[in-house]
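Report on one structure; see the data block that follows.
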Amino acid sequence: MTDIFEQVEEELRSDRYKRLARTWLPVVGGILVLALIAALGWWGWQSYESSRAANASVAYERGIEALQTNDLAAAESAFAEAEREGNGAYKSMALAQRAGLALAANRVDEAIELLDKSAKAIGDPLLSDASAYKAALLVMDTGTYEDVEGRLTPLTREGRPFRAQALEALAMAQLQHGKSTEARATFVQLQLGQDVPDTVRQRAQAAIAMIDSGTLGSLPGILEAQSAPPAVVSPEQAGAAPQAQAPAQPAPAE
């Protein structure tokens with residue numbers, strides 16, 4: 001009798017397993033197929049991005065070589081190609097190079113537009129903030145204080161790579177628009193701040209002394225170095241391929 005019960009129970013279990021298999025095997029199979037498609041898609045995307053970076057690298061190097069021989073038309077064409085083909089880093093650097101060419105031809109508005117695009121092309125602050133800072137310097141010549149402040153303020157936050165330079169530029173814009181009290185406070189922030197380059201700190205100290213003594217007339221000459229472009233960013237720092245070269249710095253704003 002016991003054997004009969006065990007046999008019946010075994011058959012019930014077998015039927016249950018069969019029903020579970022018929023229910024879940026298609027689901028599991030579908031999941032595995034989707035996982036395979038996703039993996040193949042990711043591999044294809046990675047290959048595509050690598051190919052774009054390689055093509056952009058060749059075009060970018062060609063642009064640098066054209067600059068070295070002063071063939072500006074060829075340089076513009078090569079950098080435009082690198083912009084089209086490149087990933088974020090190459091696109092940003094190529095746009096910055098094109099901005100330098102536009103500025104050299106006295107097309108300031110075009111240079112600002114290209115620098116704005118360069119800043120938006122990549123999320124890495126080493127590249128994006130450099131372009132945004134240069135654009136803000138150019139805007140200082142003709143733009144409103146609100147425009148300059150809006151451009152510089154995000155660059156002055158803690159941890160941003162060109163924070164000190166952006167604060168100094170903001171202080172100069174404040175002086176330019178008659179906001180000497182605000183400018184002094186900004187210079188004090190530079191004077192007391194950590195990780196501020198010695199040259200920037202010294203200029204801030206000189207500016208504070210001039211504001212306090214009322215001798216602002218000679219301030220522009222002492223702070224002329226403020227308009228110098230930020231340090232060159234290597235492709236390794238920016239996460240680009242090793243063969244890339246950092247974008248040429250556009251001429252600083254007067």
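Quick caveat: nothing in here was measured; it's all calculated off a predicted structure. All residue numbers in this chain count up from 1 along the given sequence.
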If you compare all heavy atoms of [X] against all heavy atoms of [Y], which two are closest, and at what distance to 0.1 Å?
X	Y	answer
Ala119	Ser128	O-CB, 3.2 Å
Ala75	Ala66	N-CB, 3.5 Å
Ala59	Ala82	CB-N, 3.8 Å

Listed by chain and number, what are the side-chain contact (heavy atoms from CB on, under 4.5 Å) partners of [X], not counting sequence neighbours?
X	answer
Thr142	none
Thr186	Leu167, Ala171, Gln174
Thr199	Pro197, Arg203

Could you state the interatomic distance from [atom1] ([X]) to [atom2] ([Y]), rounded to the nearest 0.5 Å?
X	Y	atom1	atom2	result
His177	Thr144	NE2	OG1	7.0 Å
Glu76	Glu83	CD	CD	8.5 Å
Met93	Ser118	CE	OG	9.5 Å
Gln97	Phe79	CD	CZ	4.0 Å
Lys120	Leu115	NZ	CG	12.0 Å
Leu152	Leu137	CG	CG	7.0 Å

Do [X] and [Y] land in one hydrophobic cluster if side-chain heavy atoms of ILVMFWY residues count as linked below 4.5 Å?
X	Y	result
Met172	Val188	yes
Leu95	Leu72	no
Leu170	Tyr133	yes
Leu114	Leu67	no

Expected list for residues 100-109: side-chain donor-acceptor pairs under 3.5 angstrom, two or more places apart:
{"residue": "Arg107", "atom": "NE", "partner": "Glu110", "partner atom": "OE1", "Å": "2.5"}

[X] side chain near [Y] side chain, heavy-atom distance below 4.5 Å:
X	Y	answer
Arg157	Arg163	no
Phe162	Thr156	no
Ser180	Leu175	yes
Phe187	Val200	no
Glu85	Tyr90	no
Gln191	Ile208	yes

Backbone of [Y] reached by a side-chain donor or acceptor of [X] within 3.5 Å:
X	Y	result
Ser77	Ala73	no
Arg160	Pro154	yes
Ser92	Gly88	no

Notebook entry, point to check: Would Leu190 and Glu168 satisfy side-chain contact (heavy atoms from CB on, under 4.5 Å), going step by step from the backbone distance to the final call?
Noted result: CA-CA 7 Å; Leu190 278 171; Glu168 191 176 26; 3.8 Å; yes

Next item on the list: Provide the full list of salt bridge (charged side-chain N to carboxylate O under 4.0 Å, His left out) pairs with a residue in residues 144-153, sequence neighbours left out, each pair given once.
Entry: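 Only Asp116-Arg151, Asp147-Arg151 qualify under salt bridge (charged side-chain N to carboxylate O under 4.0 Å, His left out).
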
Check: Are Arg62 and Glu81 ion-paired here, with the side-chain N under 4.0 Å from a carboxylate O?
Finding: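 Looking at Glu81 together with Arg62, the answer is yes, because their closest N to O distance falls below 4.0 Å.
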
Item checked: ring-ring contact (aromatic ring centres under 6.0 Å, His included) contacts touching residues 97-124 (sequence neighbours left out) ->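 Not a single pair qualifies under ring-ring contact (aromatic ring centres under 6.0 Å, His included).
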
Item checked: Stepwise side-chain contact (heavy atoms from CB on, under 4.5 Å) test for Tyr145 and Gln176 -> CA-CA 9 Å; Tyr145 173 73; Gln176 183 181 4; over 6 Å; no

